[in-house]
Asker: 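Please read through the structure below; I'll follow up with questions.
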Amino acid sequence: MNVPVNIPVFEGNEKRYLMDCIDTGWISSAGSYIEKFENGIADMVNKKYGIAVSNGTNALETAVGALDLPKGSEVIMPDFTIISCARAIVKAGLIPVPIDCSMETWNMDVNQIEEKISEKTKAMMVVHIYGLPVDMEPIWQIARKYDLIVIEDAAEAHGLTYKGMQCGGLGDISIFSFFPNKHITCGEGGMVMTSVEKYRDRARKIRNLFFDSERRYIHEEFGDNFRMTNMQAAIGLAQLEQIEKTILRKREIGQLYQNALKDISAIRLPVDKTEYAENIYWVFGIVLNDEDYSVDEIMRLLGEKGIGTRHFFYPMHKQPALLKEECCKKEYLAEELFPNSNYISNHGFYIPSGVGMTREQQEYVVEEIKKLFA
Ligand SMILES: *Cc1c(COP(=O)(O)O)cnc(C)c1O
């Protein structure tokens with residue numbers, strides 16, 4: 001049997017909306033689906049504005065750029081995350097200050113933030129990892145105390161709630177990605193969400209080559225072409241209509257794995273619930289706690305059985321691209337600061353959990369994993 005790590009599902013209005021773009025000729029970055037998608041997402045997360053862009057990586061770059069922070073400012077961020085986060089900070093001329101993760105939730109350990117704050121710290125980038133949110137109350141307290149801006153990367157967190165509030169609306173500025181393995185996809189796509197007008201205005205300019213609203217073709221800054229097309233927005237809107245169903249399905253997949261794999265002592269499973277959230281299992285991660293097994297070997301053996309897996313993220317403090325950057329302070333990236341992030345990136349991998357996977361496929365994955373650890 002072949003079980004890819006992700007299988008997207010298009011069971012709603014995707015085709016109908018997409019054909020409408022083609023039939024009416026509205027295929028570029030103008031067209032009614034863009035505004036509908038932007039408003040739909042903004043409504044979902046309780047923010048005033050959505051700014052649709054071409055992908056999640058560019059959404060992060062747009063969000064950080066929209067803040068217009070002085071060059072050389074420091075930004076707190078997780079060590080265990082995707083490169084897009086550090087990239088956005090470095091591209092804006094800012095200094096990333098990574099924080100180790102919690103072994104329980106794999107999210108940034110909020111207790112380690114305060115000791116890393118300096119006079120240059122201007123913002124914190126929080127990233128909800130793999131289906132559980134960052135504990136936001138302490139983040140908001142620190143933000144108030146030190147007057148810091150909160151950037152929220154909710155690329156993996158559509159439909160996830162923190163104390164009942166929708167992720168993607170918990171920062172001063174937040175982002176989603178709509179890559180095919182996210183809960184809402186439009187092939188490639190992203191969005192910036194905010195209620196702050198000046199961030200919205202700057203984000204829109206960054207997205208569109210910094211065109212001047214008074215005199216077109218005069219540019220105060222460079223900006224980029226990060227525009228989303230109406231066709232992407234059409235698919236995204238149809239996907240947004242299905243979000244509740246998607247989350248239910250993801251939880252069902254997560255819970256089946258939890259029940260089936262909980263007695264294997266060599267592995268550690270994701271936390272199903274914390275006091276502030278219920279896991280939506282963006283991916284179903286597994287961490288080996290037995291040194292007798294190697295992640296690469298396990299992934300290879302599952303691969304031989306047709307089961308797709310992926311490594312966990314690689315820590316920011318070890319990223320060659322980041323270490324080459326002059327702006328990066330070596331003392332912020334010292335190996336001994338990140339025991340947890342080192343451990344999970346070396347011992348973690350995730351297994352298939354796409355919304356489109358069948359029960360039969362899932363049972364096959366369970367069976368093969370049980371055999372491996374028997
Ligand atoms: C997927 C992802 C991104 C990047 O999104 P793309 O659309 O793939 O560029 C950013 N941050 C996190 C946490 C992600 O999981």
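This structure is a prediction, so every number in the text was calculated from the model and none was measured. Atoms within a ligand are numbered from 1 in the order they appear, just like the ligands themselves. Computed from heavy atoms alone, side chains included, the values below leave out hydrogens, waters and symmetry copies.
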Asker: Of the protein's non-hydrogen atoms, which lies at the shortest distance from atom 2 (C) of ligand 1, and what is that distance?
Answerer: K182 NZ, 2.6 Å
Asker: With a heavy-atom distance limit of 4.0 Å, tell me whether N55 approaches ligand 1 through its side chain, its backbone, both, or neither.
Answerer: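 It is both parts that get close, each with some atom under 4.0 Å.
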Asker: Could you tell me the residue and atom name of the protein heavy atom closest to atom 15 (O) of ligand 1, and the distance to it rounded to 0.1 Å?
Answerer: E156 OE2, 2.5 Å
Asker: Given T185, D153, I175, which has its nearest heavy atom closest to atom 11 (N) of ligand 1?
Answerer: D153
Asker: Would you check the N or O atoms of G56, main chain and side chain alike, for any that come under 3.5 Å of an N or O of ligand 1?
Answerer: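 Yes, since at least one N or O of G56 sits under 3.5 Å from an N or O of ligand 1.
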Asker: Does this structure show an ion pair linking E241 with R16, if we count only N-O contacts that are shorter than 4.0 Å?
Answerer: no
Asker: Minimum distance, heavy atoms only, to atom 8 (O) of ligand 1: which one of F179, F176, W282 is it?
Answerer: F179
Asker: Report yes or no: is the cationic atom of K318 (NZ for Lys, CZ for Arg) closer than 6.0 Å to the six-membered ring centre of Y314, at no more than 45° off its axis?
Answerer: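 Yes, K318 sits over the ring of Y314.
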Asker: Taking the basic N atoms (NZ, or NE/NH1/NH2) and the acidic carboxylate oxygens, is any pair closer than 4.0 Å for K145 and E114?
Answerer: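 Yes, K145 and E114 are salt-bridged.
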Asker: Of all the atoms in ligand 1, which lie at a distance below 4.0 Å from a heavy atom belonging to T57?
Answerer: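 Once the distances to T57 are compared, the set is 4 (C), 5 (O), 6 (P), 9 (O).
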Asker: I'd like to check which ligand 1 atoms, numbered from 1 as shown, lie under 4.0 Å from a non-hydrogen atom of V127.
Answerer: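 Once the distances to V127 are compared, the set is 13 (C).
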Asker: Return yes if a side-chain donor-acceptor contact under 3.5 Å exists between H317 and E335, otherwise no.
Answerer: yes
Asker: Can you classify the ring geometry of Y162 versus W140 as parallel (below 30°), tilted (30 to 60°) or perpendicular (above 60°)?
Answerer: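 Correct class here is perpendicular.
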Asker: Can you say whether the rings of Y130 and W106 are parallel (under 30°), tilted (30 to 60°) or perpendicular (over 60°)?
Answerer: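 It falls in the perpendicular class, over 60°.
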